[in-house]
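Quick notes on the structure that follows.
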Amino acid sequence: PWSSKVMISTPLIVRPDEEFSARIALIKANGHPDFEYEGTLRIFGGTGIIGLPETISFSKDMEANHVISGLSIGKEGVFRFQVKKSNENYFPSGNSGSIWCTADFPFKVYFGDLHVHSEVGKCGTPFMPKSPDFGYWYAKHIAGHDFCSITDHAHACDNADWALIKDSTAKWNDPGEFVSILGYEGDYDGDDGGHYNLYFDGDDGEMRNFKMNAGGSLQGIFDFASQNDALAICHHSGRYTRGRDFSKSWFGGREVEPCAEVISQWGSSETKNSLRPIRKFGHPDDCHYYDYAIKNGFRLGALGGSDNHATVPGGFVQMIYPQAGGKIQFEYPGAITGVFTKSLSRKDIFEALRNRRCFASANDRLIMWVSHENGEMGQEHESNEDSISIKIISGNSPIREVHVIKNGELFKKYGSFGLDEGFDDSKYLFDKKLDCGSLTKPVSYYVKMIQSDGDIAISSPVWIDPIKS
């Protein structure tokens with residue numbers, strides 16, 4: 001297949017006159033890097049971005065990616081550009097994310113895939129997975145991610161496998177440039193928890209099989225994470241098998257279980273009636289979904305991860321299982337997590353995850369920030385004011401809809417078939433403060449955004465409790 005997509009990766013939050021770089025990578029229609037492309041691509045738009053060239057040339061020795069250094073923006077605002085073969089509708093083509101130049105916002109935003117499988121995990125697709133090294137290389141140089149975790153199945157790995165994963169993860173960790181995170185999938189299969197990934201903030205940790213036939217339990221996962229200062233993150237709760245029934249489960253606490261993975265190649269477990277439903281083994285009961293969990297007291301932030309078994313962070317390669325006769329099993333690409341931190345290191349990422357200062361995105365690099373006047377996204381606030389502020393700057397395409405979810409239920413809808421408030425003329429920006437009066441009982445808010453290209457993003461909530469007299 002020919003080169004179809006130009007992957008453009010830039011920082012999305014920069015200060016005026018701050019120097020930054022843009023990584024331009026090429027992938028084929030099948031999601032793999034295009035190492036053979038030779039030719040010149042043109043850059044369109046980008047007015048206000050200093051140092052952006054008019055063209056970029058690719059050759060076979062460039063390993064499908066190129067970095068443009070020395071860029072800057074001199075004034076505040078939102079900036080974007082395109083890279084295409086020509087001004088006509090020809091491949092390859094790609095849009096940058098929206099670069100927000102601001103002097104005031106306190107954080108940077110970094111992106112990565114926390115759920116990637118490699119050949120080490122021996123999971124169902126013997127011809128598709130690659131090495132952990134390939135996964136980290138793809139994350140950094142092709143997908144343009146800031147962090148990544150290779151999370152192979154514990155039940156399929158031995159000590160030599162775990163040593164290989166640890167060595168690769170340690171080798172790729174480069175704070176400030178790219179962060180690799182040590183982790184694995186624990187394979188718990190009880191209805192009260194389903195599959196969990198375990199993550200460590202250092203170069204070492206114990207790999208343990210949490211399958212029930214190996215003695216695994218949900219409490220065992222939480223205890224293990226607590227004793228090892230690890231994170232335990234559940235995923236595809238909306239699956240009929242190996243999902244999580246929140247009505248039978250309990251919250252592990254912010255230090256151990258701060259978040260849940262709500263978007264992946266399986267679809268979205270955010271709500272049963274999602275526009276991106278769990279396609280294979282989707283569960284019919286509300287109690288398997290994130291909105292039910294939030295409604296019933298689980299104070300979980302939102303993450304995205306591809307769960308890709310072809311070792312392609314972001315999930316740009318579709319998964320094909322021989323057991324299914326070679327049919328494509330997952331129609332969606334994957335997802336990524338955005339974290340708001342001061343800088344890029346394992347410590348910074350874990351701090352952001354534990355404070356739920358993060359959001360899930362169906363692969364687009366964008367900005368989604370929900371806050372209360374007393375504090376930031378993911379936090380639990382005390383106030384007598386029932387209000388939140390929402391800021392979204394979309395990625396690849398304009399915003400179609402914004403849904404405000406209050407206490408696990410749809411509260412407000414903006415955009416298509418909803419209120420026409422909060423948008424700028426381009427529809428790439430949504431900025432809105434909701435003031436709902438005096439607060440008399442605890443509330444939570446999270447936000448879901450749907451772009452015009454169909455991709456979605458889901459914020460972590462803010463929780464507001466009345467001030468105790």
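Keep in mind that this is a model prediction, so the values were computed, not measured.
Just one residue in the list Glu185, His235, Arg244 forms a side chain to side chain donor-acceptor pair (under 3.5 Å) with Tyr196, and that residue is Arg244. With Pro132 as reference, Val120 is the one residue of Val120, Val116, Asp161 to meet the side-chain contact (heavy atoms from CB on, under 4.5 Å) rule. With Asp229 as the partner, the salt bridge (charged side-chain N to carboxylate O under 4.0 Å, His left out) test is satisfied by one option alone out of Lys347, Arg354, Arg346: Arg354.
Counted by atom type alone, Arg239 and Thr241 present one or more donor-acceptor pairs between their side chains at under 3.5 Å. Side-chain polar atoms of Glu261 and His115 form a donor-acceptor pair below 3.5 angstrom. If you check the side chains of Asn355 and Arg254, you find a donor sitting under 3.5 Å from an acceptor. Side-chain contact annotation: Tyr110 with Thr337, donor-acceptor N/O pair under 3.5 Å absent. Asn95 and Arg80 share no donor-acceptor pair across their side chains, judged by distance under 3.5 Å alone. Using modelled atom types and a 3.5 Å distance limit, the side chains of His155 and Asn209 yield no donor-acceptor pair.
Annotation: side chain to side chain contact (heavy atoms under 4.5 Å, CB included) contacts of Ile467 (sequence neighbours excluded): Glu382, Asn384. Taking the ring-ring contact (aromatic ring centres under 6.0 Å, His included) definition, one finds that Trp369 meets it with Phe105, Phe107, Phe340, sequence neighbours left out.
Using a distance-only test at 3.5 Å, with no hydrogens or angles considered, a donor-acceptor pair links the side chain of Thr169 to the main chain of Ile165.
When all heavy atoms are compared, the tightest approach of Leu366 to Gln451 is CD2-OE1, 3.7 Å. Of all heavy-atom pairs spanning Ile399 and Ser394, the tightest one is CG1-CB, 3.6 Å.
A centroid separation of less than 6.0 Å is found between the aromatic rings of Phe298 and Phe246. The aromatic ring centres of Tyr184 and Tyr199 sit 6.0 Å or more apart.
Going from atom CG of Leu198 over to atom CZ of Arg208 covers 9.0 Å, rounded to the nearest 0.5 Å. Atoms CZ and OG, on Phe147 and Ser345 in that order, are 11.5 Å from each other to the nearest 0.5 Å.
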Walk me through whether Met449 and Glu401 qualify under side-chain contact (heavy atoms from CB on, under 4.5 Å). CA-CA 6 Å; Met449 185 274 293; Glu401 297 175 22; over 6 Å; no
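Two residues are said to be in side-chain contact when any heavy atoms from C-beta on lie closer than 4.5 Å; Tyr290 and Ser269 fail this criterion. Using a 4.5 Å heavy-atom cutoff, the side chains of Leu439 and Glu385 are not in contact. Here the side chains of Glu380 and Arg356 are in contact, with some heavy-atom distance below 4.5 Å.
Ionic pairing of Asp133 and Lys171 is present here: one or more N-O contacts between side-chain nitrogen and carboxylate oxygen are shorter than 4.0 angstrom.
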Result block: side-chain N/O donor-acceptor pairs under 3.5 angstrom for residues 211-223, not counting sequence neighbours:
from   : atom 1 : to     : atom 2 : distance (Å)
Ser217 : OG     : Gly220 : N      : 2.9
Gln219 : OE1    : Trp250 : NE1    : 3.4
Gln219 : NE2    : Asp223 : OD1    : 2.8

